[in-house]
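Working notes, beginning with the structure itself.
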Amino acid sequence: MEYEYLFFLYLYLFKNTGLTDVSMSNKFQVYKQLDLAQINRDVLKRWEEDDTFHKSISTREGHPTFVFYEGPPSANGMPGIHHVMARAIKDTFCRYKTMKGFRVHRKAGWDTHGLPVELAVEKMLGITKDDIGKTISVAEYNAVCRTEVLKYTREWEALTRQMGYWVNMDDPYITYESRYMETVWWLLKQLYEKNLLYKGYSIQPFSPAAGTGLSSHELNQPGCYRDVKDTTAVAQFKVIRNEKSEFLYKNVDTDLYFLAWTTTPWTLPSNTALCVGPKITYVKVRSFNPYTGEPVTLILAKKLLAAHFDPKNESLALEDYSLGDKKIPYLVLAEYAGTELEGVDYEQLINWVKPKGDAFRVITGDFVTTEDGTGIVHIAPTFGADDDRVAKQNGIAPLIIDDLEGKRQPMVDRNGRFFLVENMDPAFVAEYVNLETYPEFAGRFVKNAYDETLAEDDATVDIDICVMLKRENKAFKVEKHIHSYPHCWRTDKPILYYPLDSWFIRTTAVKDKMIALNNTINWKPQSTGTGRFGNWLENLVDWNLSRSRFWGTPLPVWRTEDGLETKCIGSTEELMNEIDQAVAAGIMEKNIYQGFEVGNNSKENYEKIDLHRPFVDDIFLVSSTGKKMFRETDLIDVWFDAGAMPYAQMHFPFEAPSNSPQGGEHAPKYQTARISSYPLLKELAQKQKDNQTEAETYLWNNLRGKKLSNFKFRRQHIIDQFIADFVCLEKQLIIEVDGGYHSLPEVQISDTQRTEILISLGYKVIRFTNEQVLNEIDVVLGEIHRILDSLPLRGRAGDGASGIPFPADFIAEGVDQTRGWFFTLHAIATMIDESVAFKNIISNGLVLDKNGNKMSKRLGNAVDPFAAIDENGSDPLRWYMLTNSQPWDNLKFDMLGVDEVKRKFFGTLYNTYNFFAMYANIDGFMYAEDEIPVAERPEIDRWIISLLNSLVKEVGESYETYEPTRAGRAISDFVSENLSNWFVRLSRKRYWGGSYDADKLSAYQTLYTCLVTIAKLAAPIAPFFADLLYTDLNKITGKEADQSIHLADFPVCNESLINRDLEEKMALAQKASSMILGLRRKEKLKVRQPLARIMVPVLNKDFRQQFDSVKNIILSEVNVKEVEYLTDAAGIISKKIKANFKTLGPKYGKLMKQISGEIAGFSQQDISRLEKTGNYELNINGESILLSPEDVEIQTEDIPGWLVASEGNLTIALDIHLTGDLKLEGIAREFINKIQNIRKESDFEVTDRIVLRIQKHDFYNAAVEKYKDYISNQTLASELIMMDKVEDENSYLAEIDTDVTARIQVVRN
RNA sequence: AGUCUCGUAGCUCAGUUGGUUAGAGCACUACACUGAUAAUGUAGGGGUCCCCAGUUCAACUCUGGGCGGGACUACCA
């Protein structure tokens, strides 16, 4: 036993007796068991005491910012486990960016408006929408909404805290607050002024009986959809023969018609187009009209031919048909693709009212199916949402009537009747209405249910229209049909799809811009961006903003009753002024917001006003012509609230105005021109711009238009009192291009002064000569690029809204937000700023239960996030969720998976730490010694450090590209495979015993570095455990200044420490060891029994060298004494050869089968010829094929007479012959094993010294004698005494070999 | 119905520009190791790579068509 080691051992024992008081603080904390839930609580407490979150922001003051937007959750529902998922993703990247030195902006918020809130309130109060304004006032109702919506705020905050989601909750934005709504109004006004906000109509469910529109939610209430029997018609639309349709008339000897089916014949008079499917095949059929018997030729979908013509009748002769025959013959004449039919004109079916504009044309639509009907859809744009959309896209006019007030109306009025002629504009009637045919139907209800004088079985308008069509040879088939049709939940009467007034945002006007901007966004997964979101943009329609509800942001639009004058209000200031004017004009009695101070942005001030209904409804304004103006009663889509959050969370522009001198908290701080000298300088700058040198022009052309990594450069830009040649303001970098005269001394002095001043203003100045720019532009640009990268971002990139964090660098929400929040953010940012709202986005999948079902309270399969965190801590939950599957795939959440993560990753890491701590405490390692240069550390240390650096690189890249799953899995693999299973296992001996020498120190330093680095890499995903690990380590060593890992810097990969060769070698060692252990197992040879040698065939020089350098590791791992290399010359290696498909395939393609057959048939001579000469010629089908060594794979087959294992191209033979000496050593090791077990059973301390007494036995006497020192050393025995008889008392029987037991006594010294 | 997405071992997931015998972890079974010890290691069994067709010398991989799960968007003639 070395003295040095003894010394430390004594020190350790001494400390343990408590005789010294320096003890505890110098020891690494050792844990009895891993309790991640307790760690969660402890670390959380420390974070709160130390205010770590705020420190993680304040310590990054002045650093470049990383902007994250929190998609506001609604606090009127409890948080679920899926919120843990979403928030784990968000938190991971915000923490990562913090560790990368960014100042991360992440403001929490609450989404508070919308239907779910209204429904919850109604349920709670036991009322319906009908009661609002009757049994409860709107004001009371809204007051309840206000409290209801934040009902679960406390739970949400608790979840945020417990799961370690760091988001700034100091001042969350709340969408119902007046300040937030003011920004929303401001945005709407911007859109209004850009002519992007307009009033139009949309097709919505409408109840003529109740006289009101219905939301789709109201339609989905139980009992609303009912099966009803309606008259349906297949109508014949007559083709107009002209050059567009001429091709259809081939072989046609009758009139030609399109067939279209409808379940609502009353919409036929409003038909203005027919729609065919572009991918559907149509047929042209010669037949007869069943009602009139007239010969007709009809066009319908091929697939539906059998639905309208009995195939049995095809054989019938056309000539034999006479009117009244049940069997109607038919003949298919031709087939057409849907696209061919596009553009063909047809006659109006029912000529009551003429449309204004283009109509009666065949158009195409993807929504057309061949499920039922004829595969041709009758389009009445005023009565169907699809119809309206497809008509607009194709420029087809709807059938619209001008009423007496000059308003545009559909053919059916709001009572559900065909419009009365006397209610129409006479001028319109004169020009467009057919007074011969229409009056018979005018005033008829389109559904009998609307007319109290009619009964169920009275003739309906549908029937009368069909009768008319039959008579006119325009109806092909009329029949009753049962289908499900929606009814109004209040009146029980059928609803109509009906055009209703709505406010729209003209998103179609910016469609191209939105598509272009979307292409710059990094979507995770990409397919959501190009697919779901991209397609949505391609088929964009105008955004219908209107909602007829109560609890939401009111549309800030006032109109005069005649609709001729409109005002859109964009701020409280504007509103106050307008109200004051209205009061002055006598329209309002007083200003209801009196007391509100314009310009005072305090919360208190804004709480004085309420911009919700009903208060805003009571505001009437005065128009420029003195007329009274009423607010449009609509609320806006709550998605607009959410999409407005980049602006509204900052109360933009009211609190961070874009051009204000103070510029808001986040405004760029760069110094610009001095006011006094600006006019002069400006003139000068312009002159310089006009007279640029050749070099300047050349460089400018390489910098302009954000060519260089998207950095914006300006030329001849005035800064303070100077004109900088080129400047990048975001990075405060000035580039000067100098002509020859700069070498003059006086010019140099002034240059120096100028540079000094600019530097003092915070700029970096670099200079190039004209020659450099002209001759070495790549070098120059490379240098600029390098310097740009090294500089922090000062201002904000981009030209969007200034003064606020915009756009976001990163957002993440569920994929269900694609057409919700993601869209509204994108749309608003595009329209307001022509910018993206977010640069990187993760759209995460759903969290399902372990069987793949959606979680719901009803099924009882929902996981309570609080219980889950309480039991496991949030780290394993977070780790599991991010690493089990990629965030954008759905996660099948299974608690067993969480357990696995706990055991496999956290358990292993914890064990590794505990291992380290235990020995470090014994040896008093505190990382106080100088760092041993990596180059001087043993191979295994350099290996794990190499892998560690590779890991740092991979993990860094993964986080950087928003791939948390890859990052987490890489960390976990490293910990369990390489660190624990290989490095620690092989290095155990180095920690145990021996002196505190360089090797031991290296072992400690290396393991310490691995642990602390792993902690940092894992910190973004597992913030609690990582911080504990870090602080436990750092407390003792004081290596790092930061008190929390979340304030520390993310590790940087040191490429020079990565040694691929070494990594390969070690992989070889791992493989070889496992193969040899496999062989031992097969032969039942314990690893304790040393063996003499292994033999390895050498196929090439590199291999021998590689194997040799890890030989010792392998040998000690598998307890073998020597390795012997076998070369060809020995003649005992037999080789086998295979074709390398990867190299040969592309060259010889078709011949591969034969080639591989030939190669497989190579003899040993053939193989060695190829190896020696480096080529081999094959002849296949007369073609000469030249093989090189790369075209084949050569492996050794086996070594006759030896115990052999083969894997890939590595073959190892094991010599299992036991010499006497080996046997003795095996016995000695057996003793060590048994004695160690006895120590353990006796609960001895690791460091207790013992006295050993062993009863003699002929089988092992020699072995014990020979290895006495070795045994003593390993078991910490001060004495080893062989005795004839050891007393039974205090002794143990240990089996040393089959039938050989030893009596051993182990006594503490 | 449309769009997107997923489908590989009992479970959760990898699988590079197509290339030879499709992998890992968990679970299961067996074994080994023994001062990291309520830890660790090694091995084994287990596959119609959802199905069909095509392209190719060669398909888990590419193309087309189905089937099944999920999400979103529509609710229709």
Side-chain angles (χ1 to χ4, degrees), chain A residues 33 216 219 232 260-264 267 275 366-369 371-380 384-387 483-484 486 497 525 527-528 530-536 539 814-820 845-846 848 850 852-854 880 883-886 888-892 894 896-897 899-900 903-904 907-908 911-916 918-919 965 969 972-973 976 980-981 984-985 988 991-992 1073-1074 1077-1078 1080-1082 1084 1086-1088 1138-1146 1148-1156 1193 1232-1234 1236-1237 1239-1240 1244-1247 1275-1276:
Chain A
Q33 62 170 21
S216 57
L219 230 51
T232 67
W261 181 58
T262 180
T263 54
T264 51
T267 61
C275 192
D366 287 327
F367 64 92
V368 180
T369 67
E371 284 276 295
D372 46 22
T374 64
I376 301 176
V377 179
H378 133 68
I379 299 293
D386 270 344
D387 305 41
H483 65 148
S484 150
Y497 287 91
S527 60
T528 303
T530 53
R532 191 185 290 220
F533 194 70
N535 288 342
W536 170 253
N539 298 315
V815 68
D816 56 346
Q817 295 294 320
T818 307
R819 286 157 195 192
L846 297 171
L848 310 167
K850 62 180 174 182
N853 298 312
K854 209 174 168 179
Y880 167 71
T883 59
N884 185 58
S885 63
Q886 299 204 307
W888 37 90
D889 288 335
N890 290 345
L891 173 73
K892 288 183 193 161
D894 190 350
L896 293 175
D899 279 341
E900 188 182 323
R903 279 200 315 273
K904 217 176 125 41
T908 308
N911 273 322
T912 308
Y913 165 79
N914 251 6
F915 172 86
F916 167 83
M918 189 175 116
Y919 287 116
T965 310
R969 286 178 184 173
S972 170
D973 285 351
S976 58
S980 168
N981 181 19
V984 171
R985 205 155 50 82
R988 260 167 52 199
Y991 299 95
W992 171 241
S1073 304
S1074 112
L1077 290 173
R1080 294 190 78 118
R1081 188 173 24 260
K1082 227 185 272 173
K1084 298 211 185 299
K1086 289 180 176 176
V1087 179
R1088 276 197 294 274
K1138 271 199 297 191
N1140 182 352
F1141 280 71
K1142 222 166 187 169
T1143 60
L1144 287 169
Y1148 299 111
K1150 282 185 185 170
L1151 300 171
M1152 276 314 290
K1153 255 188 192 135
Q1154 283 156 289
I1155 294 176
S1156 68
E1193 280 164 32
I1232 293 170
N1233 173 322
K1234 300 305 177 216
Q1236 298 286 34
N1237 281 347
R1239 285 185 63 116
K1240 201 168 69 184
F1244 287 7
E1245 286 296 321
V1246 179
T1247 46
T1275 57
L1276 294 191

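Quick note on labels: first sequence line is chain A, next is B, and so on, each numbered from 1.
Under the Watson-Crick and G-U wobble criteria, each requiring two contacts below 3.5 Å, nucleotide B:rA59 is left unpaired. If you check B:rA30 for Watson-Crick or wobble pairing at under 3.5 angstrom, you find it paired to B:rU42. Nucleotide B:rC13: paired with B:rG23 (Watson-Crick or G-U wobble, both distances less than 3.5 Å). When Watson-Crick and G-U wobble pairs are counted only if both distances are under 3.5 Å, B:rC49 pairs with no nucleotide at all. In this structure, B:rA1 and B:rU73 make a Watson-Crick or G-U wobble pair, each of the two defining distances being under 3.5 angstrom.
Taking the C1' atom of each, B:rU55 and B:rA43 are spaced 42 Å apart, rounded to whole Å. One C1' atom belongs to B:rG18, the other to B:rG54, and the distance between them is 15 Å to the nearest Å. With both ends at atom P, the span from B:rU21 to B:rU63 equals 24 Å, rounded to whole Å. B:rG46 and B:rU8 are spaced 14 Å apart, taking the C1' atom of each and rounding to whole Å. Comparing the C1' positions of B:rC28 and B:rG70 gives an interatomic distance of 30 Å, to the nearest angstrom. Remark: the separation of the C1' atoms in B:rG66 and B:rG7 is 14 Å, to the nearest Å.
We find that CZ of A:R985 is positioned 12 Å from P of B:rU40, with the value rounded to whole Å. Atom P of nucleotide B:rC33 and atom CD of A:Q1236 are separated by 15 Å, given to the nearest angstrom. One interatomic measurement links the two molecules: CG of A:N911 to C1' of B:rU37, which rounds to 9 Å at whole-angstrom precision.
Across all strands shown, A:Y497 has heavy atoms under 4.0 Å from sugar-phosphate atoms exclusively, and none from any base. Residue-level contact check: A:N981 touches the backbone only, with heavy atoms under 4.0 Å from sugar-phosphate atoms and none from bases. Nucleic acid contact for A:Y919: sugar-phosphate only, since backbone atoms but no base atoms lie under 4.0 Å from a heavy atom of the residue. Residue A:A1139 is in base contact, counting any heavy-atom pair closer than 4.0 Å across all strands shown.
When the side-chain nitrogen and oxygen atoms of A:R903 are compared with OP1 and OP2 of B:rC26, none of them lie within a distance under 4.0 Å. Contact check, A:N914 against B:rU37: no side-chain N or O comes under 4.0 Å of OP1 or OP2.
Side-chain atoms of A:R985 do not come within 3.5 Å of backbone N or O of A:S980 as any donor-acceptor pair. Judged by distance alone, with hydrogens and angles left aside, the side-chain atoms of A:N911 form a donor-acceptor pair with the main-chain N or O of A:G907 at under 3.5 Å.
For A:T908 against B:rA39, a side-chain-to-base donor-acceptor contact under 3.5 Å is absent.
Checking B:rU20, B:rA36, B:rC26 against every side-chain atom of A:K904, the shortest atom distance belongs to B:rC26. Taking every side-chain heavy atom of A:M1152 into account, B:rC57 is the closest of B:rC26, B:rC57, B:rC76.
A tilted orientation is assigned to the rings of A:Y913 and A:F916, their planes being inclined by 30° to 60°.
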At a cut-off of 3.5 Å, list every protein nitrogen or oxygen paired with a nitrogen or oxygen from nucleotides 12-14 of chain B, distance to 0.1 Å.
residue	atom	partner	partner atom	Å
B:rU12	OP1	A:K892	NZ	3.2
B:rU12	O3'	A:N884	ND2	3.3
B:rU12	O2'	A:N884	OD1	2.0
B:rU12	O2'	A:N884	ND2	2.9
B:rC13	O2'	A:R969	NH1	3.3
B:rC13	O2'	A:R969	NH2	2.8

